[in-house]
Structure formats: C-alpha cells, structure tokens
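Structure, as structure tokens:
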Amino acid sequence: MESKQAILRAVRQALPPETEHPALDDGHWIRYEDRVSQFAEVLGAVGGKCAVVTGMDELNEQLGRLSAFSEAKKVCSCIPGAGSSHVNLDDIEDPHVLEDVDFAILPGEFGVAENGAVWLTDAPLKHRVICFIPQHLAIVIRASGDPADMIVDNMHQAYKRISFDGPGFGLFVSGPSKTADIEQSLVIGAHGPRSLTVFLLCE
Amino acid sequence: MSHTSRHPALAAEFVSNEDRTHWHDQALWFVRQKRDRMARALPEWETLREKASQIKHHTMSRLDHYLEQFESNATQRGAQVHWARDAQEHNKIVLDILRARGVTRIVKSKSMLTEECHLNPHLEQHGIEVVDTDLGERIVQLKENPPSHIVLPAIHLKKEEVGEIFHRHLGTEEGASDPNYLTEAARGHLREKFMGAQAGISGVNFAVAETGGVVVCTNEGNADLGTSLPPLHIACVGIEKLVPRWEDLGVFTRLLARSATGQPITGYTSHFHGPPPGGELHIVLVDNGRSEILADEQHRRSLHCIRCGACINTCPVYRRSGGYSYHATIPGPIGSALGPSRDAQQHYDLPYACSLCGSCTDVCPVKIDLHEQLLVWRHQIVARRLLPWRKRALMKLLSVTFRNTWMFVLAGKLARWTVPWMPRALIYNPLNDWGKEREIPQMPKHSFREMYKKRYGK
C-alpha cells in the first residue's frame, strides 16, 4: 500500500485550514401542499406517468390499459398479484436471459415530489439489471393510507428516509431512459426502459 | 504545435464556419436557459449553493481523514479499494484487474477521469475492446475524437454528421439524420455490446465517506446496464469526489442535474454499496495531480468542481470557439482553471480564453470563483515568463507607455498622424493580432487631452 501512503502523505501536507461541516437541517427546503400532484406533474414533465390506484384490481385494470403491457410477450412482475409474470427472478442464474423482457413491474419504496424520482433497491430483486433491461417499466409504491405518505417533499427528506444497512444497491429513477446527445433533441428510450409508469397503490 | 497561442488558432478554425458557430452558441445557450428556469423554481437555490460550497471546503480540509474513512467503509461492504498516484498507475491497476479475469470486452460509462488518464487507448493497446456507452461518447468514439464537452460529448456535431458516422459504422441508412432513428440504431448496437461485455467500468459522481458507497448519475441508464449485467464493476474516482456524509448527497443531487442540463434530477442516480451477490466491485482512488492542486492555496478551490458543465454552457468564449479549441480534457472555464495546474507551459493560453465576464462564477453550483482563478493564472503565467515573447514584449511596451505621460501623449500623436496615411497592408500586418478580426477605429483629429485643454484651458 505504498501508493495509499504516498497519496495520504501528499494530501496531509496540502490540507487547507480546517472549516466546519455545515448543518443541513436549518435550510428552509421546499415543501409542497399537494405532494402527490407535484410528484405526478414533475414525473410527467420528465416523460413518465403517475397513477393513483386503490387496490390490486384497479392496478391490474390500469395496467391492462397500457399498450406496452397488453402487447408485452414477456412480463416480469416482482409484485404478487400485479400482472401475470412469465419470469421469476429467483429461478434465474444468468441475468443475461432477461434481455427480452418486455415489461417489468417492480416495487418502489417512495417518491420525491420535487423531481419525480422514485427510490428502489435491489433488496427484493435478485438481479438488479431488471430495473434497466426491460423495454418498459412500471413501479408500484404501496401504502396503507394516504398516498401522500408515499411521497417526500425533497431530496433531504429522501436521504433521511433511506437506511442502507441492508441493500447493496439503490437508485432514484426519474422517468424513462433518455438522451439528448444528438443536437439536443430529447429522445426517450436510450438504453433502458422506453416508458415508466409509477403506481401509487393504496390498500 | 507552433509557438503562437493555440486557443486562438484552434478557435479560428471553429469560427471559420459562421453558421455552425452560431448554431453551437445557441445550442449551449438553450441549455443555460433551462438551467436558469430550474434554479429560479427553487427558492432555496442560493442556500443550496452556499451549503455545497461549505461542504466542499470542509471536505478538502479533512480529505485525508475522509479518504481513509471511505476506504474502510467501502472495504467493509465488500468492495476492493485501490490507490493510484498517477494516470499510469491507474491504468495499470485497471488492466491488471481485467487481465487477471481474462476480460477482453468491456463497456464503459462516462468518466472524465478515465479520459484524463487515457485509459481507453491503454486498454486497447493490450487487446481489450472498450465501448463507450453514453450515446454522445459513443458517437465521438466512433469518430475517434475525444468529447468536446464534459456533459454533452457530441454537442459540436450536427445530426447529419452523426447520421454519416452511424451509416459508416452501424449501417444505418445513408443520409438518415432523424435523432429518434439514430438513437434507436445506437440502442440496438449498444445492447449487443452490453450483452457481450465481461466487465463494466464507470466514473463516480460522489463517493460517500460515511457509508463507503459510490454514486453514479446518468440519464441513459448506461452505467447501470453496463455494471449490472457482468459480474465485475470497476469504478474510477478522483480523490476530490469525496463527500463526508450520506445526507450531503441531498445537496449535491439537487444541484447537479439542474445546473448541468436543467433537469430536476438525472434519470438514474445509482448508489453502489459493495458488490452484488457473487460479483466484484473495485474502486480506484486516483490522485494524478490533485494533491498538488490542493497544496496550491490560490487554486485549490478548483477541486470543488462537481463536473456539471454549467460554466461551460454559459461561457461566451466556449460557446463560440467549441470544446476542441481548449486542447485539454476538460474545456471551458473550469478546464482553463485546471489545465495550467496540470501543466502551465502547455496550457498557458487557456486563462486568456476568457473575457473575465464572470458568468461562470455566477452559475457554478459550488461557488468556485472561476473567473478570478483565471485572472490569478494570468498573473502567474506572466510571472513565470510563459507567455510568447511577442505578447511579453507588447505588454512591457504598453506598461511603460501607460506609466509615462509623455510617451502616452507621443504615442497618441504618432498614431493620429501616421495611421490615416498608412497603407492597409502596413496597419494590418501579421504582427497586429488585434486587427485580424477588427477594423482600427477612425483616428480623431484631437485627443481627449487636447480637447479638454482647449475647452477649460490648462
């Protein structure tokens, strides 16, 4: 570990005078009166869709109305009762076989009103690539009561809410995969899902 | 390279196509405007910037501590942490990891650090296929060029040119230039590469000391696809990318995408803590000159950069001269501040590619005093005698003239008498850089001093 010591030595010799780490709780971070509609609006603006549904039946009914779902040949649902799954992640050893999944339904933990992002982790997903490889994606966030409980106002609240002792991988997804690398023209469906629907499921 | 300044020469090449220059300028200004709308939509924007700046100041003041903390926590989570003093060591570490596992095909997501270290050519020399998976990076990789912008790597290319590159390399229809069609073609092409890759290499936006995790932000999801199919992920990170605490991410993820492209957050903000079950995560911590910049009291703040590119999008010089005119891995104001730290002799011209308008400083999400850094660099470049003799001699002459009234008066008189009679070829001689794109103003009959004297006596 000669290099480690050399780098640390060089850094120690270069350190500026010590300054305080700022407190972050005193910021008057933005809050929204109606978090659900703010979340839905921003998600819409980044190319996604948000639907509040009551009960699994309504969720399935709305799923059925998505052409991406009804036309899908191979569906991977990681939510019991949502859609009918052709693939069980736990039975799969090599994640490459997920390449032809047309539609995946995954559990999300909560949404963020300020940017339309959803937090999900690979704790319940044996292969994390299922978040990125399907042609279309639906994320289901479940709550027992008010759908507003599933949405935080801002990223400060979001990071407070995440405990990361367990999962090795977690991500915020905001909308479908996209790029604007050719002449700044926005194209939806760069490498990952071409559409994202977020269901807020009240049970 | 000739001894005349390189930025002006390369910029002259770029601006020779007036339409393109205008288009490039507008494209970047559009991004800047999107950034403004996002910034204005948040009442706490300035507080966020201030907090970000304070976090960075604090991190740098205890960087040794946070690096060790990061290593210890990352290791605890099962990642393997490597330390590289310079680009060469970084490249060797990456190559050794790949070779030990017999890897010959890798996919890579955007990383300015690996650009800085010239990792791709190093791996290719050793028989490893490297595919850049960010669409913009793939475009310039196929063209065998470096990125011209740190966030929008192919911003200098028109869709027709992209169409031509894809026609040649991916077999798209000749003359096709619809971005939807081209992106779809790239999607198919890159899917194959993702499926065939044996390892994924990514950059890192933030490394969290408190948790030992690394955070990678993309819009396309390419870093995620590239690192979650193969069992091996190598994440390359500059030592300045550390943040102390988990909660600090709240500040930076709010600033990054809004500043970069005017989005509320990047499409994918991925947090890697340790390897996936059965896989490997290697994190390479790279110094490569950063500790030297940290030691430089005048320039250490340039290490606070989170690579959003906002200063580049707003810069009136960058917008009109293009990324390649900077002949450095990172162009624009931040590149001009960092370049001379790396090699002042090589990059002496970059701090002069600036009008000192200060727009970069105004938009920087971590409040780096960019234009002031560039001014300080100019002082240092003069002090180190790195300017070409012509510019040095001219500056000396002007300095003496401005300090001596009689010389100043005489110079004015001489100019007013002689210039109107001089043939054009003599005025616009090759030594007159100023006159290359400009007309000398009409010489007035009298100087201000003479008019003042006439009106008020004395």
Side-chain angles (χ1 to χ4, degrees), chain A residues 1 3-4 6-8 10-22 24 27-30 42 46 95-96 99 114-117 122 127-129 131-133 154-156 158-160 164 167-175 177-185 187 189-192, chain B residues 27 30 42-44 47 51 54-55 57-58 60-64 67 83-85 89 135-136 139 152 154 158-159 162 179-180 182-183 187 190 195 211 219-222 224-225 228-229 244 246-247 249-251 253-254 263-265 267-274 276 287 291 294-295 300:
Chain A
M1 288 274 59
S3 295
K4 172 185 171 181
I7 292 171
L8 287 174
V11 167
R12 278 188 196 114
Q13 279 164 9
L15 291 180
E18 191 167 337
T19 60
E20 286 288 298
H21 190 294
L24 299 180
H28 296 285
W29 312 128
I30 200 160
V42 181
V46 296
H96 290 84
E99 190 201 3
E114 70 160 315
N115 55 25
D122 70 349
H127 299 288
R128 67 171 73 143
V129 77
C131 307
F132 315 107
I133 208 165
N154 55 56
M155 291 303 281
H156 308 287
Y159 278 107
K160 277 225 168 90
F164 46 87
F169 178 80
L171 85 153
F172 288 104
V173 189
S174 170
S177 162
K178 54 193 160 297
T179 181
D181 273 348
I182 302 176
E183 279 203 14
Q184 284 297 296
S185 307
V187 180
H191 300 295
Chain B
F30 173 67
L42 277 188
E44 65 258 40
T47 312
K51 296 281 185 195
Q54 288 170 5
I55 294 170
H57 272 283
H58 167 75
M60 294 305 155
S61 76
R62 300 202 61 197
L63 189 58
D64 57 332
L67 284 167
W83 300 72
R85 272 172 289 190
E89 193 173 8
L135 177 59
I139 294 168
L152 317 159
K158 295 215 164 192
K159 56 181 193 253
V162 177
N180 278 291
L182 295 175
T183 303
R187 178 184 171 104
L190 285 166
M195 291 299 288
T211 69
N219 274 322
E220 301 179 5
N222 56 317
D224 303 287
L225 256 182
S228 55
L229 275 171
W246 178 251
E247 64 170 319
L249 291 174
V251 174
T253 53
R254 299 187 77 195
Q263 295 170 262
I265 187 172
Y268 299 89
T269 307
S270 300
H271 305 62
F272 299 84
H273 286 88
D287 182 339
S291 56
L294 188 65
R300 58 168 61 121

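So you know, we letter chains A, B, ... as the sequences are listed, proteins then strands, and number each from 1. Everything numeric here is computed off the predicted structure, so don't read it as measured data. Scope of the values below: all heavy atoms of this structure, side chains included, with no hydrogens, waters or symmetry mates.
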Please report the closest heavy-atom contact between [X] and [Y], naming both atoms and the distance.
X	Y	answer
B:Gly250	A:Met155	O-CB, 3.9 Å
B:Asn222	A:His191	CB-CD2, 3.4 Å
B:Ser61	A:Pro17	CB-O, 3.5 Å
A:Thr19	B:His58	O-ND1, 2.7 Å
B:Pro264	A:Asn115	CB-CB, 3.6 Å
B:Ile265	A:Ala117	CG2-CB, 4.3 Å

For chain A, which candidate among [options] shows the most heavy-atom pairs at distances under 4.5 Å?
options	answer
B:Met195, B:Met60, B:Lys158, B:Gln263	B:Met195
B:Leu182, B:Thr211, B:Ile139	B:Thr211
B:Leu152, B:Val162, B:Leu249, B:Leu42	B:Leu249
B:Gly136, B:Ser291, B:Gly221, B:Gly267	B:Gly267
B:Asp287, B:Asn219, B:Leu190, B:Leu229	B:Leu229
B:Thr47, B:Leu63, B:Thr269, B:Asn180	B:Thr269

Side chain proximity check, [X] to [Y], heavy atoms < 4.5 angstrom:
X	Y	answer
A:His156	B:Val251	yes
A:Leu15	B:Arg62	no
B:Leu225	A:Ile133	yes

Angle between ring planes, A:Tyr159 versus B:His271, binned at 30° and 60°: parallel, tilted or perpendicular? tilted
Measuring heavy-atom distances to chain A, does [X] have an atom under 4.5 Å in its side chain, in its backbone, in both, or in neither?
X	result
B:Arg300	side chain
B:Ile55	both
B:Pro244	side chain
B:Thr253	side chain
B:Leu135	both

Relative to chain B, which segment of A:Ala10 carries a heavy atom at a distance below 4.5 Å: side chain, backbone, both, or neither? both
Does the [X] side chain pair with the main chain of [Y], one donor and one acceptor, at a distance under 3.5 Å?
X	Y	value
A:Ser177	B:Glu220	yes
B:Arg187	A:Gly192	yes
B:Glu44	A:Ile30	yes
A:Glu183	B:Lys159	yes

Just how far is it from atom CG of A:Leu8 to atom CG of B:Leu67, taken to the nearest 0.5 Å? 6.0 Å
Roughly how far, to the nearest 0.5 Å, is NZ of B:Lys51 from NE2 of A:His21? 10.0 Å
Do you know which of [options] has the most heavy-atom pairs under 4.5 Å to chain B?
options	answer
A:His28, A:Lys160, A:Arg128, A:His96	A:His96
A:Val173, A:Thr179, A:Asn154	A:Thr179
A:Ala6, A:Ala190, A:Pro16	A:Pro16
A:Ser185, A:Ser174, A:Ala180, A:Gly116	A:Ser174

Are there more than 12 heavy atoms of other residues, nucleotides or ligands under 6.0 Å from atom CD of A:Glu18? yes
Checking ring pair (Phe, Tyr, Trp, His ring centres under 6.0 Å) between B:Tyr268 and each of A:Phe132, A:Phe172, A:Phe169, which is the one that passes? A:Phe132
